[in-house]
Participant: 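Take this structure, written in structure tokens, and hold onto it; I'll ask about it next.
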Amino acid sequence: NANVSFAPTTPNQWESGWNTTLTDGTVLSTYAAIATVSISSTASSIVFQGSGRVSGGSVRSFQVSAANTSLIKCVAIDLTGLPTVTTSAC
């Protein structure tokens, strides 16, 4: 199993959309920006190892919000690769 990385199409701007890429540079998929959704994170990328675990030593968090609503979600991905969603700011 190969490592797969997720990274924004514009560096450090997750709301611009993101690519899913193999370590050899092969782009598996590209996800376009959604105009009414804001996504922010301090993570420049996230790498899932072949085991499904996240590479690195810290939880990756993404704050997601939508236009015309005050609702904010925090998506945190722990080192085992398990996502957790809470209704609060990250």
Side-chain angles (χ1 to χ4, degrees):
N1 292 339
N3 289 357
V4 176
S5 69
F6 293 79
T9 53
T10 302
N12 299 314
Q13 295 181 16
W14 286 95
E15 60 192 23
S16 69
W18 59 90
N19 292 320
T20 306
T21 310
L22 292 174
T23 53
D24 68 2
T26 302
V27 176
L28 298 174
S29 57
T30 298
Y31 297 89
I34 301 172
T36 58
V37 175
S38 174
I39 303 171
S40 61
S41 178
T42 58
S44 59
S45 67
I46 184 168
V47 177
F48 287 91
Q49 300 170 0
S51 65
R53 295 185 179 276
V54 174
S55 181
S58 63
V59 172
R60 305 301 196 279
S61 297
F62 299 85
Q63 187 165 298
V64 182
S65 60
N68 302 320
T69 180
S70 60
L71 186 64
I72 295 174
K73 300 277 185 171
C74 179
V75 180
I77 303 171
D78 70 19
L79 297 179
T80 67
L82 181 69
T84 303
V85 179
T86 57
T87 306
S88 63
C90 293

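The structure displayed is predicted, hence computed values, not measured ones.
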Participant: Return all side-chain donor-acceptor pairs below 3.5 angstrom for residues 26-35, not counting sequence neighbours, or 'none' if the list is empty.
Facilitator:
| residue | atom | partner | partner atom | Å |
| --- | --- | --- | --- | --- |
| T26 | OG1 | D24 | OD1 | 2.8 |
| T26 | OG1 | D24 | OD2 | 3.4 |
| S29 | OG | T20 | OG1 | 3.2 |
| T30 | OG1 | N19 | OD1 | 2.8 |

Participant: Once side-chain hydrogen bond (donor to acceptor under 3.5 Å, both in side chains) is applied, what residue pairs with a partner in residues 35-47 remain, sequence neighbours excluded?
Facilitator: E15-S38
Participant: Decide whether W18 and L22 are clustered together by the hydrophobic rule: side chain heavy atoms of Ile, Leu, Val, Met, Phe, Trp, Tyr closer than 4.5 Å, transitively.
Facilitator: yes
Participant: Measure the CD1-OG distance between I72 and S88 for me, rounded to the nearest 0.5 Å.
Facilitator: 8.5 Å
Participant: Please list all pairs meeting side-chain hydrogen bond (donor to acceptor under 3.5 Å, both in side chains) that have one or both residues in residues 60-80, counting only residues at least two apart or in different chains.
Facilitator: K73-T87, D78-T80
Participant: Would V37 and V64 satisfy side chain to side chain contact (heavy atoms under 4.5 Å, CB included), going step by step from the backbone distance to the final call?
Facilitator: CA-CA 7 Å; V37 175; V64 182; 3.8 Å; yes
Participant: Between I77 and F48, is the side chain to side chain contact (heavy atoms under 4.5 Å, CB included) condition met? List the steps.
Facilitator: CA-CA 10 Å; I77 303 171; F48 287 91; 4.1 Å; yes
Participant: Under a single-linkage definition using a 4.5 Å side-chain heavy-atom cutoff for Ile, Leu, Val, Met, Phe, Trp and Tyr, are I39 and V47 assigned to the same hydrophobic cluster?
Facilitator: no
